[in-house]
Amino acid sequence: MALPNNHGYFGNFGGSFIPETLYSCLEELKKAYARAKKDKSFKTNLDYYLKEYAARPTRLYFAKHLSAYLGLKVYLKREDLLHTGAHKINNSLGQALLAKYMGKKRIIAETGAGQHGVSAATVARLFGLSCDVYMGEEDMARQRMNVFRMKILGAKVIPVLSGSKTLKDACSEAIREWVTSVRDTYYLIGSTFGPHPYPMIVRDFQSVIGKEARAQIIQKEKKLPDFLVACVGGGSNAMGLFYNFFKDEKVKFIGVEAGGLSRNLNSASISYGDIGVLHGAKTYVLQDKFGQVKGTHSIAAGLDYPGVGPEHSFYNDSKRGRYVTVKDSEALEGFKMLSELEGIIPALESAHAIYYLKKLAKKNKGALVILCLSGRGDKDLEIVQSYLDAEKRG
């Protein structure tokens, strides 16, 4: 697909709604990325680290027991098997190499669930860069082990105390820091949001997921899937899966957003939001009638964000993708379902997509599905335990 255009738009969405102080930062990044894409040595280096360090290609696993239970034919794209435990390493390796390509000595990052922070800290060690990670105080409390992992890897984890103290505010603080230190610092953004060219850069580095999955499903089934299913917060794992199937119009895309506790307490930006501007891009945003960003909630810290990548907004409005919601309680059911049926403990983010398969199966018996298992659930065990304990208490 030839989008975004030169101004960073995916149809009506995207762009660069930024203060003048950010203009030179983004221009430098755009020019460097355009050069790197044409540089064979850059691609060779990235391919090497994806294979030898991150452990790509990941497996496309036929989930036999889950399939029998649902009446679907479900394959899991096992991003949870990657080094650091999630798809985030794909993008972090690409952007860290880009930072080195640009001569930067330091990276900064934002994180919600902590997986991007861990992958950023990991690649910083690998390539000899210093690393500061901004993380909301609320997320630091519910993802304590990932905070510890980042510190073990030598990163400085900076608590964000403003706003909701979650991913949105961590992203805002990272942008503010980048403006003041761009000379030697690279902002390694973690998802397909933000001003142009970040949604394109992250999509490109994550598109290895769909590239592999497309070849793997043809090899295994001799045909393309009927559905692609993935969780959507900012949307990088979903976009990574969807992108290489864009022109295959018979393959339906389903993005699963966090429905939270209720319609009024959720993180489902496309399903319940309106068009607005957040972190430099025009996209769907959860906002009130005055245009102020609403507070959000999800049991999965990685989905607790009031916006979505602009390319997903384009997919929604062009009807190329369909976006649905799954509540906290349903995600917990999806978490238990995959754990008990397949012996695979998923991240709570992915558990939203897993539960949605129950709804999909009602009208699509026998359909061939690829689900992106974006990460493993080690990081979420304390959260799940607390919810299960609360259930027992009534």
Side-chain angles (χ1 to χ4, degrees), residues 1 37 40 42-64 66-67 73-97 115-116 119 122-123 190-192 200-232 235-248 250-256 309 311-312 315 320-321 338 342 344 346-347 349-350 353-354 357 368-376:
M1 186 177 64
K37 281 202 296 186
K40 290 182 180 179
F42 182 87
K43 184 179 185 304
T44 299
N45 271 339
L46 178 57
D47 289 346
Y48 171 81
Y49 285 107
L50 286 172
K51 179 181 178 181
E52 301 294 338
Y53 189 74
R56 300 211 71 91
T58 57
R59 298 294 182 255
L60 188 68
Y61 169 70
F62 175 54
K64 178 175 67 174
L66 181 65
S67 296
K73 194 165 191 178
V74 180
Y75 282 86
L76 304 177
K77 185 57 174 160
R78 296 291 307 275
E79 298 300 290
D80 61 313
L81 295 178
L82 288 169
H83 179 43
T84 72
H87 69 293
K88 295 294 187 181
I89 192 71
N90 304 321
N91 170 58
S92 290
L93 280 169
Q95 288 202 62
L97 282 169
Q115 287 301 112
H116 175 58
S119 69
T122 297
V123 297
S191 195
T192 50
M200 175 181 67
I201 289 174
V202 178
R203 176 202 70 192
D204 289 353
F205 288 141
Q206 291 292 3
S207 66
V208 65
I209 300 171
K211 183 179 179 181
E212 288 176 5
R214 197 176 194 282
Q216 289 167 327
I217 198 68
I218 290 173
Q219 181 183 38
K220 291 175 181 289
E221 294 289 337
K222 309 301 185 228
K223 62 179 181 179
L224 294 175
D226 299 305
F227 295 95
L228 302 179
V229 181
C231 64
V232 173
S236 64
N237 90 95
M239 192 53 63
L241 179 62
F242 295 169
Y243 182 64
N244 278 283
F245 293 85
F246 181 81
K247 293 182 179 179
D248 302 303
K250 291 184 179 180
V251 180
K252 298 178 177 65
F253 300 167
I254 299 178
V256 185
E311 193 163 1
H312 283 294
Y315 281 15
R320 184 61 188 92
L338 190 67
E342 294 291 344
I344 299 172
E349 289 80 11
S350 300
I354 294 158
L357 295 179
L368 180 60
V369 180
I370 296 177
L371 182 143
C372 187
L373 191 59
S374 63
R376 63 177 183 238

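Predicted model, so just to flag it, every value in this text is computed and none were measured.
Taking K43 as the reference, D47 meet the salt bridge (charged side-chain N to carboxylate O under 4.0 Å, His left out) condition, with sequence neighbours excluded. Residues that satisfy the side-chain hydrogen bond (donor to acceptor under 3.5 Å, both in side chains) test with T84, not counting sequence neighbours, are absent from this structure. Not a single ring-ring contact (aromatic ring centres under 6.0 Å, His included) links F227 to another residue, sequence neighbours left out. Not counting sequence neighbours, Y61 has no partner by the ring-ring contact (aromatic ring centres under 6.0 Å, His included) test. Partners of F62 by ring-ring contact (aromatic ring centres under 6.0 Å, His included), not counting sequence neighbours, listed by chain and number: Y75. Applying the salt bridge (charged side-chain N to carboxylate O under 4.0 Å, His left out) rule to E212 yields the partners R56, K77; only residues at least two apart in sequence or on another chain are considered. For R320, the side-chain hydrogen bond (donor to acceptor under 3.5 Å, both in side chains) test picks out no residue, with sequence neighbours left out. Considering only residues two or more places apart in sequence or on other chains, K73 meets the salt bridge (charged side-chain N to carboxylate O under 4.0 Å, His left out) condition with E221. With sequence neighbours excluded, the residues forming a side-chain hydrogen bond (donor to acceptor under 3.5 Å, both in side chains) with D204 are Y33, listed by chain and number. When the ring-ring contact (aromatic ring centres under 6.0 Å, His included) test is applied to F253, the partners found at least two apart in sequence or on another chain are F242, Y315. In this structure N45 satisfies the side-chain hydrogen bond (donor to acceptor under 3.5 Å, both in side chains) test with no other residue, sequence neighbours excluded. A search for side-chain contact (heavy atoms from CB on, under 4.5 Å) contacts involving R214 returns I218, L224, F245, D248, not counting sequence neighbours.
Of the N and O atoms on the side chains of H312 and T192, not one donor lies less than 3.5 Å from an acceptor on the other residue. Side-chain contact of N90 with E79: a donor-acceptor pair under 3.5 Å is present, judged by distance alone.
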- Query: After noting the C-alpha distance and the side-chain angles of I89 and V123, does the key distance pass the side-chain contact (heavy atoms from CB on, under 4.5 Å) rule?
  - Reply: CA-CA 8 Å; I89 192 71; V123 297; 3.9 Å; yes
